[in-house]
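The structure presented is a predicted model; accordingly, all values stated were derived computationally and were not measured. Order of appearance sets the numbers: ligands from 1, and atoms from 1 within every ligand.
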Amino acid sequence: KMPSIFTRIVNGEIPAAKVYEDAQTLAFLDVSPASRGHTLVICKEELPTLLDLSPDLLAAVARTVQLVARAISAALSPDGLNIVQNNGAAAGQVVPHYHVHIIPRWEGDRAIAHWRPGAGAPDELRDLAAAISARMGEEDAV
Ligand code: AMP
């Protein structure tokens, strides 16, 4: 299998504007930023999506996301920050190597679009919650 573009960054084979690195995670600037300071946090291990990470690795990524978000806030003073994380092509994931987007936001910048709010009928919400909660705790519930 071909290594992902992010694995090639981890291995130093292609350059990146690195922000932070520890044993399990790496943060670097997105080459096509949605806003000034748009940063990606990845797990160094090449795992495709949220569904594939161990709880410990997910916690390591979350810790790095918060550390980098604080540094971006201190350096750039954005008015807000979006955390975006795409899983699967249908959800807009282009690089199949788990990563979290940190997108600094400024009032009125329209840097990313919000979803179209739908209507959730109470009966439907109750049935969906029951269907999901019935599968909680299953190792293979994918
Ligand atoms: P996603 O759509 O969630 O898979 O996002 C992939 C992101 O990776 C996009 O925002 C790209 O701009 C970014 N990207 C792709 N290649 C590189 C690269 N070599 N260095 C930095 N960011 C990259």
* Asked: Are Phe28 and Phe6 close enough that their ring centers fall under 6.0 Å?
  -> yes

* **Nearest-0.5 Å distance, CG of residue Leu40 to OH of residue Tyr98** => 12.0 Å

Please list every donor-acceptor pair under 3.5 Å in which a side-chain atom of residues 51-61 meets a protein atom from a residue at least two apart or in another chain.
residue : atom : partner : partner atom : Å
Asp52   : OD2  : Thr49   : N            : 2.9
Asp52   : OD2  : Thr49   : OG1          : 3.2
Ser54   : OG   : Leu57   : N            : 3.1

* To do: Look up atom CG in Asp30 and atom NE2 in His38, then write down how far apart they are to the nearest 0.5 Å.
  => 4.0 Å

* Structure fact -> Applied to residues 107-129, the side chain to side chain donor-acceptor pair (under 3.5 Å) test, sequence neighbours excluded, yields Arg105-Asp109

* Structure fact -> Heavy-atom contacts under 4.0 Å to ligand 1, chain-then-number order, include exactly Ile5, Phe6, Ile9, Phe28, Leu29, Asp30, Val31, Ser32, Leu40, Asn86, Gly92, Gln93, Val94, Val95, His99, His101

* Structure fact -> Quick note, ring pair (Phe, Tyr, Trp, His ring centres under 6.0 Å) partners involving residues 46-71, not counting sequence neighbours, are none

